[in-house]
Amino acid sequence: MKKKKLLLSLAAGIIIVSGSILMAADHIDAPAVTGQASDITDVYVFRGQNTDNIVFVANTQGLLSPDATANAKFDENTMIEFNIDNNGDAVEDLVIQCVAKNGKMKVYGPFKPNEPGTTSYLGINNFTAQVDITPYGQPAIIGEQKGVKVFAGPRDDPFFFDFVRYSQIIGGTAASFNETGNDTFAGTNVLGLVVEVPKSMLGGNGSINVWAESKEKVSGR
Amino acid sequence: MKKNNILSIRKISIVAVAVFTLSACQKNLQENENYNRLNTETASKGTPPFAERYEQRDQMGRPAINTVFVGAMRKNEFNTTVPSQMDAAFRTEFVNKLNAFGYTTNILGLNADAFAGVLATDVLGASTTGVTTFFDGTNVLTGRALGDDVIDVELTLIFGGATGGSNPGLTSDNVNNNDKPFLASFPYMASPF
């Protein structure tokens with residue numbers, strides 16, 4: 001565990017340019033969990049190839065070099081939870097919980113949690129689908145059960161931003177962006193988690209609010 | 001025109017959600033609720049819990065909100081504040097940050113306080129009936145697709161002034177695409193390097 005964190009910090013360190021602290025989208029916004037399995041880098045929500053479905057993406061462990069990617073693993077004590085508010089009050093009405101267990105990513109829900117907020121209980125009665133976590137260098141393995149698709153494994157970081165130049169602007173050493181930007185996230189990977197769900201499971205009346213949370217197991221089996 | 005579109009979209013959704021009620025899923029939801037309540041009660045009594053309990057460490061709705069608007073001392077706090085309380089807890093800090101950027105208004109016609117109010121509740125709106133995009137010239141905040149240039153949208157909203165045309169050197173980072181093409185089908189994201 002510690003070794004993994006060390007490798008990740010090392011990987012992040014190599015990419016830190018000119019002393020600027022690398023952070024963007026939500027990359028490394030969380031001092032308490034930076035570089036850990038619970039550090040969410042980005043969230044995406046969009047309709048699927050089948051437009052009756054919505055796709056939820058949460059990426060973690062940003063700025064992985066190819067070498068570091070081979071060693072990156074989902075942490076079995078970290079839950080990634082998609083929170084879905086379907087009545088506009090910014091309180092979750094449904095959650096989709098994702099937890100790695102024995103080389104598989106397991107998906108629970110969407111289901112209504114007993115209580116909203118920062119504490120969650122694994123919805124073991126709401127198991128929906130699972131998939132083998134795709135090893136680095138292997139074709140994507142896709143799980144599908146009950147109409148829910150799931151993928152978990154390394155992916156190219158879809159985020160793009162000239163964060164180095166942005167940092168220079170904010171730091172007062174540059175006045176504007178370059179005419180040709182340089183994608184700070186080019187060539188780096190994340191651990192990707194993708195869950196595709198039929199819209200009929202999400203409730204709401206035309207729109208939902210979504211946010212992703214990482215949560216750490218503090219008790220239970 | 002864009003402003004009106006956005007305002008009307010927001011109003012429509014507020015009205016729509018007000019009349020929405022759960023129906024078909026009610027029974028299943030009730031069963032789940034009972035189950036979860038049992039676990040919660042068991043856990044709170046100090047007996048060996050049946051359920052795995054998890055505590056929050058990080059959260060995110062829209063891109064770069066915490067990164068840009070929350071000061072270093074409060075980033076962890078932002079990550080564990082429930083979204084329904086973010087506005088009350090963080091709006092002032094967001095207004096101060098906008099003022100520090102020289103912000104007065106934007107293409108949505110929002111003053112600093114109103115814009116901070118939109119930003120501070122860090123949830124990502126998504127349409128379940130139409131196009132899902134951060135901004136495509138017509139639709140605003142109806143989701144976030146992999147290829148959306150969210151940074152340019154946010155830079156324009158912060159630095160672009162009433163027309164979006166102010167500070168042209170600050171409203172685009174001039175990185176417009178990912179370094180790998182996305183996939184048309186599941187899992188959509190490109191294979192790793």
Side-chain angles (χ1 to χ4, degrees), chain A residues 23 25-26 29-33 38 40 43-47 49 66 69 79 87-88 90-91 111-112 114 117-118 120-122 125 140 149 151 154-156 158 160-162 176-177 180-181 183 186-187 189 192 194 199 204-220, chain B residues 13-14 16-17 20 29 32-33 35-37 39-40 49 51-61 63-64 66-67 75-76 79-80 82-84 121-129 132 143-146 151 169-170 172-175 177-180 184-190 192-193:
Chain A
M23 55 183 183
D26 201 66
D29 73 305
V33 296
S38 52
I40 300 169
V43 175
Y44 300 83
V45 181
F46 53 93
R47 63 182 176 186
Q49 182 181 34
T69 307
M79 168 191 287
N87 61 11
V91 176
F111 70 98
K112 179 178 168 41
N114 178 35
T118 55
S120 285
Y121 293 86
L122 184 65
N125 274 9
K149 283 186 189 173
F151 164 86
R155 292 278 101 180
D156 163 52
F160 49 93
F161 183 21
D162 191 343
S176 64
F177 286 103
T180 303
D183 180 6
N189 301 321
V194 189
K199 290 175 176 177
N205 196 346
S207 71
I208 54 176
N209 291 315
V210 181
W211 63 102
E213 300 171 347
S214 65
K215 288 176 164 167
E216 186 180 340
K217 185 161 76 175
V218 292
S219 68
Chain B
S13 30
I14 287 165
V17 296
F20 172 74
L29 292 175
N32 293 335
E33 199 170 323
Y35 174 80
N36 287 328
R37 181 166 292 129
N39 276 326
T40 306
E52 297 182 10
R53 185 162 66 91
Y54 292 77
E55 295 292 347
Q56 188 156 324
R57 296 291 180 260
D58 194 10
Q59 69 181 330
M60 175 187 178
N66 191 356
T67 304
K75 286 191 189 297
N76 290 328
N79 283 325
T80 51
V82 295
S84 57
T121 302
D122 187 19
V123 299
L124 176 64
S127 171
T128 53
T129 54
T132 46
R144 181 183 178 190
L146 293 171
I151 291 298
L170 295 177
S172 173
D173 67 344
N174 297 313
V175 179
N177 303 103
N178 190 38
D179 52 341
K180 273 195 178 187
S185 58
F186 196 92
Y188 306 105
M189 287 191 288
F193 283 93

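Naming convention: chains lettered A, B, ... in sequence-line order (proteins, then strands); numbering from 1 in each chain.
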**Q** Please state whether the side chain, the backbone, both or neither of Ala140(A) comes within less than 4.5 Å of a heavy atom of chain B.
**A** side chain
**Q** Shortest non-hydrogen contact from Thr132(B) to Arg47(A)?
**A** OG1-N, 2.9 Å
**Q** CG of Asn205(A) to OG1 of Thr129(B): how many Å apart, nearest 0.5 Å?
**A** 8.5 Å
**Q** Spell out, as yes or no, whether a donor-acceptor pair under 3.5 Å connects the side chain of Asp173(B) to the backbone of Asp162(A).
**A** yes
**Q** Would you say the ring centroid of Tyr188(B) lies under 6.0 angstrom from that of Phe46(A)?
**A** yes
**Q** Where is the tightest heavy-atom contact between Arg155(A) and Ala190(B), given as atom of each residue plus distance?
**A** CD-O, 3.3 Å
**Q** Are the side chains of Val82(B) and Thr118(A) in contact, using a 4.5 Å heavy-atom criterion?
**A** yes
**Q** Quick one: of Ala145(B), Gly61(B), Pro83(B), who has the most non-hydrogen atom pairs under 4.5 Å with chain A?
**A** Pro83(B)
**Q** Side chain, backbone, both or neither: which part of Lys149(A) has a heavy atom under 4.5 Å from chain B?
**A** both
**Q** Pick from Ser176(A), Ser214(A), Pro66(A): which one has the most heavy-atom pairs with chain B under 4.5 Å?
**A** Ser214(A)
**Q** Ignoring hydrogens, what is the shortest heavy-atom contact between Ala126(B) and Val45(A)? Give both atom names and the distance.
**A** CB-CG1, 3.6 Å
**Q** Once you round to the nearest 0.5 Å, how far does NZ of Lys215(A) lie from CD of Glu52(B)?
**A** 14.0 Å
**Q** Are any side-chain N or O atoms of Thr128(B) and backbone N or O atoms of Gly206(A), one a donor and one an acceptor, separated by less than 3.5 Å?
**A** yes
**Q** With rounding to the nearest 0.5 angstrom, report the OG to CZ distance, Ser219(A) to Arg53(B).
**A** 4.5 Å
**Q** Check Thr121(B) against Ala90(A) and note the closest heavy-atom contact, atom names and distance.
**A** CG2-CB, 3.9 Å
**Q** How long is the gap from CD on Gln56(B) to OG on Ser38(A), to the nearest 0.5 Å?
**A** 10.5 Å
**Q** So do Val194(A) and Phe186(B) actually touch side chain to side chain, heavy atoms under 4.5 Å?
**A** yes
**Q** Test of understanding: with side chain to side chain donor-acceptor pair (under 3.5 Å), list the residues that count as partners of Asn174(B), not counting sequence neighbours.
**A** Ser172(B)
**Q** Taking atom CE of Met189(B) and atom CG of Asp156(A), what is their separation to the nearest 0.5 Å?
**A** 9.0 Å
**Q** Is there a donor-acceptor contact under 3.5 Å from the side chain of Asp183(A) to the main chain of Val175(B)?
**A** no
**Q** Nearest 0.5 Å, please: how far is CG in Asn177(B) from CZ in Phe160(A)?
**A** 6.0 Å
**Q** So, for Gln49(A) and Ser185(B), which heavy atoms are closest and what is the spacing to 0.1 Å?
**A** OE1-CB, 3.2 Å
**Q** Could you tell me which residues satisfy ring pair (Phe, Tyr, Trp, His ring centres under 6.0 Å) with Tyr54(B), sequence neighbours excluded, listed by chain and number?
**A** none
